[in-house]
Visitor: 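Structure provided below as structure tokens; questions to follow.
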4 protein chains.
Amino acid sequence: MILKFLDLDSQKQNRILNAAMKEFAQKGYKNASTNEIVKEAGISKGLLFHYFAKKKDLFLYLYDYSLEIFTIEFFQRIDLVEKDIFKRIRQMALLKIDLIKKHPELYNFLYKAIIEDTPEVKEDLEQKNKQLLTNGYAKIFRDIEVKKFKETIDTDKVINIVIWTIEGFSNQILEKIKSQYPNELHYEKISKELDVYLKFLESAFYK
Amino acid sequence: MILKFLDLDSQKQNRILNAAMKEFAQKGYKNASTNEIVKEAGISKGLLFHYFAKKKDLFLYLYDYSLEIFTIEFFQRIDLVEKDIFKRIRQMALLKIDLIKKHPELYNFLYKAIIEDTPEVKEDLEQKNKQLLTNGYAKIFRDIEVKKFKETIDTDKVINIVIWTIEGFSNQILEKIKSQYPNELHYEKISKELDVYLKFLESAFYK
Amino acid sequence: MILKFLDLDSQKQNRILNAAMKEFAQKGYKNASTNEIVKEAGISKGLLFHYFAKKKDLFLYLYDYSLEIFTIEFFQRIDLVEKDIFKRIRQMALLKIDLIKKHPELYNFLYKAIIEDTPEVKEDLEQKNKQLLTNGYAKIFRDIEVKKFKETIDTDKVINIVIWTIEGFSNQILEKIKSQYPNELHYEKISKELDVYLKFLESAFYK
Amino acid sequence: MILKFLDLDSQKQNRILNAAMKEFAQKGYKNASTNEIVKEAGISKGLLFHYFAKKKDLFLYLYDYSLEIFTIEFFQRIDLVEKDIFKRIRQMALLKIDLIKKHPELYNFLYKAIIEDTPEVKEDLEQKNKQLLTNGYAKIFRDIEVKKFKETIDTDKVINIVIWTIEGFSNQILEKIKSQYPNELHYEKISKELDVYLKFLESAFYK
DNA sequence: CATGAATGAGCGTTCATTCAT
DNA sequence: AATGAATGAACGCTCATTCAT
């Protein structure tokens, strides 16, 4: 059934995917209306269900689809040879921001999907996420170089501080991207501000 | 209309408020059922709409109500005489955890309300939150003692790092409260772990 | 829920029951439209589901309801003291025809319900019917007087012939009631024609 | 349009007819799915509607088709030279059972079609059946030999009793075929039991 | 003040039928 | 001839909101 969808010309595919992602991102799974989706996509109600038997199928397909695009591009571009945590995390944060700028709809959809709690889809999402997290995040910090840290330091806690700081910083940026002055945000400037934070932390925790 | 509600004997008021908060927290705005609320509160459908003309009114009233309780208690108990950021933030984090333990229903409701996505109420919530953030958070750190910081340091950024770290830590705790081992979490232990993080940061940023 | 329905003033109850029976009888369970039912009953869509949570509940309620009316009146009026099969069956046939004339909608509904094969309701109906048949039909012929039959005769087969003849006769009458000349059918005339059949059979099988 | 269908190679015709009869017999007119039919027949949706403009056309064509096969074979094999009603009816009953065994799909389809209630096709079917009954059944008993009956007897009524008995008997057999012990039913045994009934009636009504 | 019967727009889903290819 | 993508009306059902009592 989804195979039929994949045979469509990609323009129409995208119209449907974008309409659906937008609706789900805006209203969450349950409140999202298939009526709105087809209206926005410019197709008939019947056609949507010709491709996706159920609303849930559409939602989970979108989740897989957008996650795949994100993760594939992420892992292609991340340099895992770099073992220094500050350099590694610097890369990741900038890459993340770049990906979001490049695919804002995907990001909005995913962001919302991750906190989705409608019972109908929650379990399926959690299953998918469990794999993701064990495959993903953990792996990324497994091979970090530890010897540069001050000896007295509890490494796990330091890594947490670094991650939380970078998350806080990213969210601040994203908040600006979303709401207010998206155009004022230049890669250069973000990159520089990020460096300030990382320098702080580096000088604090490295020998 | 809501004035009528405030004239009710407070026992009935509470039955209604609790029933509604529980339902909204569990299912989100749109999926929350007024039928369930009146059933749980032991009142008739008509009566609910006698006090709150629309579901939205009830929801927004609950939001104001629970936020007010939280903020009032928060500002009553926080010691603004303490100017040391680490001591101040330590207080705040522990106070927050304490408030959540004391009013879990309010917290659950607020937590869910903040990420509410239903277009009908989203805008109203964002408006309220904007005020809150500019009135609240910022104010708290305005009068922080700056002279203990190393001179080379950009104070605003340091404050951010501290806040983000504490937020990350709190979320980690709350995650554990919600899902896994709520009983293993003793105030003592949390307090100690928090201190470890704060010591790190203090030794990094103070002279 | 159905309790609410039973509290309605009986005029409205009947409007709903009749509309529903008519629709189910005409189109069968699956094809019957709740839209048509509410239109015919002059109520809103919501109200129907206020009384009967599901279409199936409405259908099964109607089945119980109409069956009960039929069986109660049937067993009240049948004279089980009469042991002669021909007299007994004469009574029954005339009683049946009388009941159908009195409650034609109930009969049409039941007649159709009995041959209903929609999987959703088939099993429930069969369960109900199993009880009915073992309680009903069998019981009626259990205590028939056998000694008047010619000795050479297989009594079970004779009873079958009598039953089938009476069924055939009844159906012929009902066919006329339904389609063509319902007014020409007077109880007297039917009764006389029935007697002719029974006399035939009596003279054939009795000593 | 149907002419086009008749030009098809007969293998494909049969695939379509069988698929459609099976689906209609199983689910009734309205619930039968054209999707299932084309899937089972191995043709495309479009093609079905190329041959039969509407579902209804297909259904009515099937009805005519299967009825014709039955009636033609029936009248070919029935011996209208035999004027004795008991011998004639014996033939007919056994022939009927034989035909059903030979063309069970046709029979199942027809059996279901006859009690079809969907308003869309009900009227058309009734029209066809009216012709059938006046052309068919009546004709068969028109030339029955009457002189062997006891003089006091109303011949029409006797014929009815015989027909109804045989119908009752057949239905009993078919009930068994369908539900319970289809393998226990041997032609021999059925034939003998039928004879018992006919002997009864013969001895009762013949001089 | 308090009830709960009543409304009707909206939901996700199905399916015979059409039509461009 | 043959395909199957595309349509849209209809389905059973839900639920915030209204209103007569």
Side-chain angles (χ1 to χ4, degrees), chain A residues 1 4-5 7-9 12 29-38 42-59 120, chain B residues 4-5 7-8 12 29-39 42-59 120, chain C residues 4-5 7-9 12 29-38 42-58 120, chain D residues 4-5 7-8 12 29-39 42-59 120:
Chain A
M1 216 159 189
K4 289 183 204 162
F5 178 73
D7 278 354
L8 271 181
D9 66 295
K12 198 172 198 173
Y29 176 74
K30 196 65 174 291
N31 300 146
S33 159
T34 52
N35 276 333
E36 289 301 314
I37 293 171
V38 300
I43 60 168
S44 73
K45 198 96 171 267
L47 190 54
L48 184 65
F49 288 93
H50 186 62
Y51 295 128
F52 302 95
K54 303 175 160 298
K55 190 187 184 184
K56 184 178 170 180
D57 293 354
L58 169 60
F59 181 78
E120 267 164 289
Chain B
K4 290 184 209 156
F5 177 73
D7 277 353
L8 271 180
K12 200 170 197 175
Y29 176 74
K30 196 65 172 284
N31 294 141
S33 155
T34 52
N35 270 331
E36 287 303 311
I37 293 170
V38 299
K39 205 189 294 173
I43 59 166
S44 74
K45 200 89 175 278
L47 193 54
L48 183 67
F49 285 92
H50 183 65
Y51 294 128
F52 302 96
K54 304 174 157 297
K55 192 186 184 185
K56 184 177 169 181
D57 293 353
L58 169 60
F59 181 79
E120 262 166 293
Chain C
K4 289 182 203 160
F5 178 73
D7 277 355
L8 271 181
D9 67 294
K12 200 172 198 174
Y29 176 75
K30 195 64 174 291
N31 299 146
S33 158
T34 53
N35 276 333
E36 289 301 314
I37 293 171
V38 300
I43 60 168
S44 72
K45 198 96 172 268
L47 190 53
L48 184 65
F49 288 94
H50 186 60
Y51 295 128
F52 302 95
K54 302 173 163 299
K55 191 188 184 184
K56 185 178 170 179
D57 293 353
L58 169 59
E120 266 163 291
Chain D
K4 289 184 210 156
F5 177 72
D7 277 354
L8 272 178
K12 200 171 197 174
Y29 176 75
K30 195 65 170 286
N31 294 141
S33 156
T34 52
N35 270 332
E36 286 303 311
I37 293 171
V38 299
K39 205 189 294 170
I43 60 167
S44 74
K45 200 90 175 278
L47 193 54
L48 183 66
F49 286 91
H50 183 65
Y51 294 129
F52 302 95
K54 305 173 157 297
K55 192 187 185 182
K56 185 177 169 181
D57 293 354
L58 170 60
F59 181 77
E120 262 165 294

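In the text below, chain A, chain B and the rest are named by the order of the sequence lines, each starting its count at 1.
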Visitor: For Tyr51(D), which contact category applies under a 4.0 Å heavy-atom criterion: base, sugar-phosphate, or nothing?
Guide: sugar-phosphate

Visitor: Just so I know, are the side chains of Lys54(D) and Phe59(D) near enough to count as touching, which here means a heavy-atom distance under 4.5 Å?
Guide: no

Visitor: Between C1' on dA2(E) and CG on Asp7(B), what's the gap in Å once rounded to a whole number?
Guide: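 Taking atom C1' of dA2(E) as the reference, CG of Asp7(B) is at 16 Å.
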
Visitor: For dG12(E), what is the paired nucleotide under Watson-Crick or G-U wobble rules, both distances under 3.5 Å?
Guide: dC11(F)

Visitor: Can you check the Leu58(C) CG to dC13(F) P distance for me, whole Å?
Guide: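 Taking atom P of dC13(F) as the reference, CG of Leu58(C) is at 10 Å.
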
Visitor: Could you tell me the separation between the NZ atom of Lys54(C) and the C1' atom of dC11(F), rounded to a whole number of Å?
Guide: 14 Å

Visitor: Are side-chain heavy atoms of Asp7(B) and Lys4(B) found at a separation under 4.5 Å?
Guide: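 Side-chain contact under 4.5 Å: no.
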
Visitor: Look at the side chain of Lys55(C) and decide which nucleotide, out of dT17(F), dG12(F), dT17(E), has an atom nearest to it.
Guide: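 For Lys55(C), the side-chain atoms sit closest to dG12(F).
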
Visitor: Checking contacts here: which listed nucleotide (dA6(E), dT7(F), dT3(E)) is nearest the side-chain heavy atoms of Ile43(A)?
Guide: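 Nearest to the side-chain atoms of Ile43(A), counting from C-beta on, is dT7(F).
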
Visitor: To the nearest angstrom, how far is Lys39(B) atom NZ from dC15(F) atom P?
Guide: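 Distance check: Lys39(B) NZ to dC15(F) P gives 11 Å.
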
Visitor: Name the closest nucleotide to the Leu47(C) side chain, picking from dA1(F), dT17(E), dA5(E).
Guide: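 Among the listed nucleotides, the one closest to the side chain of Leu47(C) is dA5(E).
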
Visitor: With a 4.5 Å cut-off on side-chain heavy atoms, are Phe49(D) and Thr34(D) touching?
Guide: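 Result yes, sub-4.5 Å side-chain heavy-atom pair found.
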
Visitor: Looking at dG12(E), dT7(E), dC1(E), which one has an atom nearest to any side-chain atom of Phe49(A)?
Guide: dG12(E)

Visitor: Just how far, in rounded Å, is P of dA20(E) from NZ of Lys12(A)?
Guide: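 Atom NZ in Lys12(A) sits about 13 Å away from atom P in dA20(E).
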
Visitor: Would you check if Lys12(A) and Asp9(A) make a side-chain contact, meaning some heavy-atom pair closer than 4.5 Å?
Guide: yes

Visitor: Answer yes or no: does a side-chain N or O of Ser44(A) lie under 4.0 Å from OP1 or OP2 of dA6(F)?
Guide: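 Result: no.
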
Visitor: Out of dT13(E), dA6(E), dT17(E), which nucleotide sits closest to the side chain of Lys45(D)?
Guide: dT17(E)

Visitor: Name the residue closer to the 5' end of DNA chain E, choosing between Lys4(C) and Glu36(A) according to the nucleotide with the nearest heavy atom.
Guide: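 Checking each residue's closest nucleotide, the 5'-ward one belongs to Lys4(C).
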
Visitor: With nearest nucleotide decided by heavy atoms, which residue, Ala32(B) or Gly42(A), maps closer to the 5′ end of DNA chain F?
Guide: Gly42(A)

Visitor: Report the distance from atom CG of Asn31(D) to atom C1' of dA10(F), rounded to the nearest whole Å.
Guide: 14 Å

Visitor: Please report the distance, rounded to the nearest Å, between NE2 in His50(B) and C1' in dG4(E).
Guide: 15 Å

Visitor: Just call it for Lys56(B): base, sugar-phosphate, or nothing, with non-hydrogen atoms closer than 4.0 Å on any strand.
Guide: nothing

Visitor: Are Tyr29(A) and Lys56(A) close enough that some pair of their side-chain heavy atoms sits under 4.5 Å apart?
Guide: yes

Visitor: Nearest to the side chain of Ser33(B) - dC13(F), dT3(F), dA16(F)?
Guide: dA16(F)

Visitor: Please give, in whole Å, the distance from dT17(E) P to Lys30(D) NZ?
Guide: 10 Å

Visitor: Watson-Crick or G-U wobble partner for dA20(F), using a 3.5 Å limit on both distances?
Guide: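 dA20(F) is paired, partner dT3(E).
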
Visitor: Before you tell me yes or no, could you show the steps for Lys30(D) and Glu120(D) under side-chain contact (heavy atoms from CB on, under 4.5 Å), namely the whole-Å CA-CA distance, both residues' side-chain angles and the distance that decides it to 0.1 Å?
Guide: CA-CA 9 Å; Lys30(D) 195 65 170 286; Glu120(D) 262 165 294; 3.9 Å; yes

Visitor: On DNA chain F, compare the nucleotides closest to Asn35(C) and Leu48(A); which residue's is nearer the 5' end?
Guide: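 In this pair, the answer is Leu48(A).
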
